[in-house]
Amino acid sequence: MSDTKHHVPYNEEEIDGYVKIDRYNSDKISRIAAHYEDILQALGEEPGREGLQKTPERVAKALQYLTHGYDLDPAEVLRTAMFKEDYSQMVVVKDIEVFSMCEHHMLPFFGKAHVAYIPNGHIVGLSKIPRVVDIYARRLQVQERLTNEIRDCIQQTLKPAGVAVVIECKHLCMSMRGVQKQNSVTTTSAFTGEFANDKTRAEFLRLITASLD
Ligand SMILES: [Zn+2]
């Protein structure tokens, strides 16, 4: 979106044959970094000591990366790879990695998303579904809204006969903050159209729990 043009390439390095590109907005980085120097001081640290000298800037860059989904348009990503096709059976993309941050504590939550849709004249390039998940996940989120946003984006853009989204995540704000159930996983789900049908939904749940072995 509009903000992207202010981003300048920060560093490009080749790692194992692929190019890692970090982009950041330098105004944003220095603003966030200045606050983190204050935060370090408030925590009783000495921001000037060797190990912390570059920490505010690193944190600012990490935060900008972890929220870069604000600058991207998931519907546009889908629209670039939609194809007319008669196929009308359920398409399932499972075990999509999710890395997000809860908006209440700004701590990570992470796990897996499983997405299905039933085409209604159009299919979409399979790699675009994980892209949509990632774009919404790379914002401050709650898992419930993340689940609904993915569903709504696919429903409104692709207009399929139905969409199903299941997300299973561990929340560090639960496991790091002394809550007893440290290994608990939160599951959320959202459905539209034909997935309101018990049989269709059961088929989807069977497919995402089945293993390939
Ligand atoms: Zn939280």
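Computed from a prediction, not measured in an experiment: that's the story for all the values here. In listed order, ligands and their atoms are each counted from 1.
Screening the protein for N, O or S atoms under 2.8 Å from the Zn ion (ligand 1) yields 3; no waters enter the count.
Legend: residues meeting side chain to side chain contact (heavy atoms under 4.5 Å, CB included) with Thr192, ordered by chain and number and at least two apart, are Arg151, Gln155, Val163. When the side-chain hydrogen bond (donor to acceptor under 3.5 Å, both in side chains) test is applied to His68, no partner is found at least two apart in sequence or on another chain.
Val142 belongs to no multi-residue hydrophobic cluster, having no ILVMFWY side-chain contact under 4.5 Å with any other such residue.
In this pair, His171 and Phe109 present their aromatic rings parallel. The plane angle is below 30°, not in the 30 to 60° band.
Using a 4.5 Å cut-off on side-chain heavy atoms (C-beta onward), Ser88 and Asn120 make no contact.
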>> Pair Gln141, Glu149 - check side-chain hydrogen bond (donor to acceptor under 3.5 Å, both in side chains), show working.
In response: CA-CA 10 Å; Gln141 277 289 5; Glu149 284 179 342; 2.8 Å; yes

